[in-house]
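Down below is the structure, laid out as structure tokens.
This one's a predicted model, so the numbers in the text were calculated from it and none came from an experiment.
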Amino acid sequence: MPSPVMKLNSGYDMPAVGYGTWPLRGRPATDAVLAAIETGYRLLDTASAYGNEDAVGAAVRESGVPREELFVTTKLRGSDQGRGSTRAGLEGSLERLGLDYVDLYLIHWPLPAVGKYVESYAEMAELQQAGLIRTLGVSNFLPEHLAAVTAATGIAPAVNQLQASPSHARPALISAVQAQGTVVQAWSPLERNSGVLEHPAVTAPAERLGVTPAQIVLRWLLQKDIAVVPHSASPQRQRTNADLFGFTLTAEDVAAIDGVKQLPVKQDPANWEEF
Ligand SMILES: NC(=O)c1ccc[n+]([C@@H]2O[C@H](COP(=O)([O-])OP(=O)(O)OC[C@H]3O[C@@H](n4cnc5c(N)ncnc54)[C@H](OP(=O)(O)O)[C@@H]3O)[C@@H](O)[C@H]2O)c1
């Protein structure tokens, strides 16, 4: 089930549907990633902070799929931000992954109070020139953070990975990011424990179209040109979560999901800190 791709400002293509690897670690993570690759996922989303880059790298090697057919994303953790430590952070990730480059490297959180995300991004631009990163991106960036890194380097982040789901739809933020030519990629698209998968705006089209509520939510995001990285440890759910291109939501379906009650954003990029 190959995913369509989205064109990035780096010239590379990114699968619109990827596999999120948090919170698995160790052999269960390797087995889940192997199952995902077997299902057809080609984008693997990991992070230094997840403690599973070694397990993801093992799956890449064990899969036998040529490296150039996979798209590996990892992320700069807060404690590695800054001049000099950004390079060390990336080199540590590459060593754990067993790779000599990553397809997409994201600043995991802007941490504006720390004040190092601009210098970190500038160092990432040098690491891209050195061939260690194919595409530069960020995660959890607000428009002012995007504008700051773009002004400092002349390179707009190709991707901004943000929390987005029916109860965290964030239309103004997403439009502002997309207007800068940056692809939005949704994390926690299925919003576990929020009740979204049981909401009638989601279950009604699922029943009509003969698909799962999770497929409806993921398709709703894709129809807004938002890439997705759903996670499942279950090969069965991995399969359905990637099977998103044989049906289409109507404008009425989309509008009904747009109307789902919004929940407050707990991890606000303006002040959320994790290292
Ligand atoms: N950049 C960031 O700050 C950030 C933050 C959080 C996450 N992420 C990335 O985004 C990825 C996805 O986010 P997430 O893992 O938080 O949430 P998610 O993908 O929205 O949801 C995963 C949860 O939903 C369940 N699930 C999966 N498919 C399902 C289905 N078809 N029906 C019902 N339940 C289903 C999974 O359980 P089972 O495993 O039992 O199927 C799991 O508990 C992460 O893995 C990570 O790579 C990034």
Side-chain angles (χ1 to χ4, degrees), residues 8-10 14 18 20-22 45-51 53 73-93 102-128 132-165 168-189 191 221 226-229 262-275:
L8 303 179
N9 69 8
S10 58
M14 180 178 80
T21 64
W22 181 85
D45 182 76
T46 181
S48 172
Y50 299 168
E53 291 172 309
T73 302
T74 193
K75 312 186 189 85
L76 179 72
R77 64 191 306 156
S79 55
D80 287 333
Q81 278 197 24
R83 265 279 158 205
S85 48
T86 297
R87 171 180 273 275
L90 174 63
E91 287 175 344
S93 288
V102 285
D103 295 275
L104 177 63
Y105 198 49
L106 308 179
I107 297 179
H108 206 148
W109 286 90
L111 309 178
V114 173
K116 292 183 179 174
Y117 69 88
V118 174
E119 64 192 75
S120 302
Y121 189 83
E123 189 155 308
M124 281 164 54
E126 295 166 14
L127 296 166
Q128 182 186 38
L132 303 185
I133 301 170
R134 287 210 161 156
T135 297
L136 302 180
V138 297
S139 181
N140 302 301
F141 270 40
L142 299 174
E144 63 262 34
H145 308 137
L146 284 177
V149 296
T150 306
T153 61
I155 308 170
V159 174
N160 188 6
Q161 190 182 95
L162 298 168
Q163 183 182 15
S165 67
H168 287 105
R170 311 173 96 180
L173 172 60
I174 286 168
S175 306
V177 172
Q178 290 177 330
Q180 298 191 28
T182 296
V183 170
V184 173
Q185 186 182 52
W187 63 257
S188 290
E191 187 99 59
L221 288 160
I226 298 172
V228 293
V229 285
Q262 297 300 292
L263 299 175
V265 173
K266 286 195 198 128
Q267 293 170 268
D268 180 353
N271 49 40
W272 180 262
E273 299 212 320
E274 65 175 52
F275 296 92

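Considering every non-hydrogen atom in both Asp80 and Gly89, the closest pair reads OD2-CA, 3.5 Å. Nearest approach of Trp187 to Val229, heavy atoms of both residues: CA-CG2, 4.5 Å. Closest non-hydrogen pair, Thr74 versus Ser48, comes out as OG1-N, 3.6 Å. Nearest heavy atom pair, residue Thr153 against residue Ala122, reads CG2-CA, 3.8 Å. Of all non-hydrogen atoms in Ala186 and Pro189, the two that sit nearest each other are O-CD, 3.8 Å. When all heavy atoms of Ala148 and Val118 are compared, the pair lying nearest together is CB-CG2, 3.9 Å.
Inspection of the Ser93 and Glu53 side chains reveals an N or O donor paired with an N or O acceptor under 3.5 Å. Side-chain contact check for Gln161 and Asp45: at least one donor-acceptor pair (N or O, by modelled atom type) lies under 3.5 Å.
Distance check, rounded to the nearest 0.5 Å: OG of Ser175 to CD of Gln180 gives 11.5 Å. Interatomic distance, Tyr117 OH to Leu111 CG, rounded to the nearest 0.5 Å: 10.5 Å. Atoms CD and NE2, on Gln262 and His168 in that order, are 7.5 Å from each other to the nearest 0.5 Å. Residue Leu127 holds its CG atom at 5.5 Å from CG of Leu132, rounded to the nearest 0.5 Å. Asn140 contributes atom CG, which lies 6.5 Å from atom CG of Leu162 (distance to the nearest 0.5 angstrom). The structure places OG of Ser85 at 7.5 Å from CG of Leu76, a figure rounded to the nearest 0.5 Å.
Aromatic ring centroids of Tyr50 and His108 lie under 6.0 Å apart.
Partners of Gln81 under the side chain to side chain donor-acceptor pair (under 3.5 Å) rule, at least two apart in sequence or in another chain, do not exist in this structure.
Considering Asp103, Leu8, Thr135 as possible partners of Met14, the one that fulfils the side-chain contact (heavy atoms from CB on, under 4.5 Å) test is Leu8.
In this structure, Thr86 contributes its side chain and Gly82 its backbone to a donor-acceptor pair below 3.5 Å. Judged by distance alone, the side chain of His145 and the main-chain N or O of Leu142 form a donor-acceptor pair under 3.5 Å. Between the side chain of Asn160 and the backbone N or O of Phe141, at least one donor-acceptor pair lies under 3.5 Å. With hydrogens and angles ignored, the 3.5 Å screen pairs a side-chain donor or acceptor of Tyr121 with a backbone N or O of Ile155. With hydrogens and angles ignored, the 3.5 Å screen pairs no side-chain donor or acceptor of Lys75 with any backbone N or O of Tyr105.
Taking the six-membered ring where tryptophan is involved, the planes of Trp272 and Trp109 are tilted, since the angle between them lies from 30° to 60°.
Salt bridge status for Glu123 with Lys116: absent, with no side-chain N to carboxylate O gap under 4.0 Å.
Residues Val265 and Gln163 form a side-chain contact, since some pair of their non-hydrogen atoms from C-beta on lies under 4.5 Å apart. Between Phe275 and Val114, some side-chain heavy-atom pair lies under the 4.5 Å cut-off.
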Walk me through whether Val102 and Leu90 qualify under side chain to side chain contact (heavy atoms under 4.5 Å, CB included).
CA-CA 9 Å; Val102 285; Leu90 174 63; 4.1 Å; yes
